[in-house]
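To start, the structure under review is shown below, and the notes come after it.
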Number of protein chains: 2
Amino acid sequence: MDVARREVSEAGTPVACRSCQARHGVVCGALSSSQLRELGRHSLRRKIDAGSEIVAQGSESSFYSNIMRGVVKLCKVMPDGRQQIVGLQFAPDFVGRPFMRESTLSAEAATDAEICVFPRNLLDRMILETPKLQRSLHGQALKELDAAREWMLTLGRRTAEEKVASLLYLIATHAEPETATSTAFDLPLSRTEIADFLGLTIETVSRQLTRLRKSGVIRIENIRHIVVPDMDELEKKISA
Amino acid sequence: MDVARREVSEAGTPVACRSCQARHGVVCGALSSSQLRELGRHSLRRKIDAGSEIVAQGSESSFYSNIMRGVVKLCKVMPDGRQQIVGLQFAPDFVGRPFMRESTLSAEAATDAEICVFPRNLLDRMILETPKLQRSLHGQALKELDAAREWMLTLGRRTAEEKVASLLYLIATHAEPETATSTAFDLPLSRTEIADFLGLTIETVSRQLTRLRKSGVIRIENIRHIVVPDMDELEKKISA
DNA sequence: CTTGCGATTTGATCCAGATCAACTGTCCGT
DNA sequence: ACGGACAGTTGATCTGGATCAAATCGCAAG
């Protein structure tokens with residue numbers, strides 16, 4: 001038994017995979033102690049710089065991960081370069097597409113992040129053996145599906161101002177308490193990324209942001225930090 | 001044993017739920033004979049007219065269904081009436097949202113359809129008891145998630161012409177062989193529904209359709225029937 | 001402190017798609 | 001055959017957001 005693992009067990013915390021340790025994600029929470037130990041033996045905690053790719057679109061990835069800290073964006077790009085962010089993931093979400101070899105999208109760290117990486121083969125086997133894990137991942141897939149469909153409404157039918165308000169609301173709601181209260185938070189995305197998430201250009205994102213600022217719904221403390229004095233006012237801007 | 005069920009067993013086909021019979025969906029294919037018999041005892045085959053609602057947005061539905069025939073559209077509507085279709089489902093897809101009481105979207109028959117309806121409680125129990133079923137539904141959820149994200153790219157980044165071409169391609173690819181070859185098919189959606197799926201107005205849908213017709217990519221045999229002489233040409237219009 | 005460079009904001013103009021308004025089927029029921 | 005009610009098409013015009021073009025900000029390197 002190596003040092004890192006012994007430390008965890010001896011500390012009295014539940015035996016966890018070596019790299020996730022106490023911070024259980026969608027995966028670790030559904031495993032038995034022995035599975036956790038086995039997964040831990042083959043997993044690796046990795047720091048990822050903002051902007052670097054975790055999985056490339058069209059590639060065959062041989063691993064899955066759990067987000068331990070930070071924000072991950074899921075992107076699709078067209079051959080001519082047009083880009084659409086199709087999802088944001090926060091700790092402790094699972095990143096990967098079970099039951100499919102090739103990824104149809106890329107996963108990229110939006111902020112500096114830490115992820116727990118484990119081998120695809122091993123987890124695929126565990127999913128088959130562990131109904132509770134299957135259930136857990138099924139649950140996350142359904143949650144992501146709900147979010148994707150909600151965003152389809154935003155993309156297809158909301159105005160630019162409503163789109164920007166929707167994004168701010170999403171971030172305010174999902175950002176980690178460490179970096180945010182419900183009324184102030186750091187934007188994990190650049191203006192370009194916001195535009196690619198909302199199906200807009202950076203110019204209209206910028207304009208709508210100053211519009212919301214001038215109407216008193218938000219304060220822009222600095223380029224990445226937003227204060228929302230009254231969440232109800234923000235919610236009204238979404239008109240839903 | 002009632003007549004309908006005896007007929008099925010005696011015909012030598014695998015014992016199936018009474019109403020689905022030989023046409024197994026995502027659910028029936030994953031159950032044991034005895035489960036199939038139990039589910040069959042509590043399920044009901046229903047004919048649904050085009051346009052009528054299967055599940056209402058915001059309601060607590062006490063049943064799930066399997067599509068046996070026809071096309072079902074999943075809709076979201078905003079308080080002011082703006083509407084977005086967030087998915088199309090074809091036989092033998094499963095309709096419902098496991099693990100959640102209240103539906104965040106409505107499911108409505110786009111064409112005349114037949115569905116196999118079964119009680120929520122019973123299926124929820126079976127999911128818990130039957131890893132294979134969980135796996136099957138997990139698979140469908142992931143498939144829908146992929147489709148939703150692909151459509152997010154369409155909604156956010158494609159032009160009106162590309163959107164309409166994307167829709168035609170989707171229908172050509174998914175329509176049932178009975179009503180379609182790869183190059184000719186019936187549209188399961190009205191112009192209004194197409195507009196609500198693509199985030200456009202009916203007028204631009206109509207204009208882009210005649211544009212595609214005039215450029216020779218499609219023929220409009222009648223308002224609901226499309227012929228695609230060369231699928232590659234259609235695919236080019238999607239630019240992806 | 002200055003310079004340089006990428007990110008953001010702001011301004012001026014353009015245009016794809018929305019809106020408004022006829023017009024044309026098509027399919028009823030009488 | 002006729003009329004009326006929809007569903008779809010086509011045309012004219014308008015506009016929200018895109019595009020093009022400068023500022024301005026922020027910040028790291030010298």
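Small disclaimer: the values here were computed from a predicted structure and weren't measured. Residue numbers begin at 1 in each chain, while the letters A, B, ... track the order of the sequences.
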Please identify each residue that fulfils side chain to side chain donor-acceptor pair (under 3.5 Å) with [X], with sequence neighbours left out.
X	result
A:R211	A:E161, A:Q208
A:K73	A:E108, A:E193
B:D49	none
A:E53	none

TODO: Hey, could you give me each pair passing salt bridge (Lys or Arg N to Asp or Glu O under 4.0 Å) that has a residue in residues 227-236 of chain B? Not counting sequence neighbours.
DONE: B:E233-B:K236

Salt bridge [X]-[Y], side-chain N to carboxylate O under 4.0 Å:
X	Y	value
B:D196	B:R82	no
A:E144	B:R149	yes
A:R45	A:E114	yes

Open item on the list: Whole angstroms only, please: what is the CZ-C1' distance between A:R82 and D:dT19?
Closed with: 15 Å

Task: Any donor-acceptor pair under 3.5 Å from B:S136 side chain to B:V27 backbone - done: no

Open item on the list: Tell me whether A:Q57 contacts the main-chain N or O of A:V77 through its side chain, where contact means a donor paired with an acceptor under 3.5 Å.
Closed with: yes

Task: Test side chain to side chain contact (heavy atoms under 4.5 Å, CB included) applied to A:V205 and A:L167, A:L189, A:L200, A:T192, the passing residue - done: A:L200

Could you tell me if [Y] and [X] have a donor-acceptor pair between their side chains, going purely by distance under 3.5 Å?
X	Y	answer
A:S59	A:E102	no
A:R69	A:T111	no
B:T104	A:E150	no

Open item on the list: With the threshold set at under 4.0 Å for non-hydrogen atoms, list the residues of residues 153-166 of chain A touching DNA chain D in residue-number order.
Closed with: A:T159, A:A160

TODO: Scan residues 233-240 of chain A against DNA chain D and write down, sorted by residue number, each residue with any heavy atom closer than 4.0 Å; if none is found, say none.
DONE: none

Listing time: all N or O pairs from protein to nucleotides 24-27 of chain D that are below 3.5 Å?
none

TODO: Quick one: closest heavy-atom pair of B:K76 and B:L105, and the distance?
DONE: CG-CB, 4.1 Å

- [ ] Quick one: which residue pairs count as a ring pair (Phe, Tyr, Trp, His ring centres under 6.0 Å) with a foot in residues 185-239 of chain A, not counting sequence neighbours?
- [x] A:W151-A:F197

Task: Covered region of DNA chain C, 5' end to 3' end, by chain A [heavy atoms, under 4.0 Å] - done: C:dT8 to C:dA12

Open item on the list: Tell me the bend of the helix from C:dC1-D:dG30 to C:dT30-D:dA1 as the angle between end helix axes, each from five pairs, rounded to the nearest 10 degrees.
Closed with: 30°

- [ ] Look at the rings of B:F94 and B:Y64 and say which category their plane angle falls in: under 30° parallel, 30 to 60° tilted, over 60° perpendicular.
- [x] tilted

Task: First encountered from the 5' end of DNA chain D, between B:L209 and A:G199 - done: B:L209

TODO: Enumerate the residues from residues 200-208 of chain A whose closest heavy atom to DNA chain C is under 4.0 Å, giving them by residue number; use none for an empty result.
DONE: A:E203, A:S206, A:R207

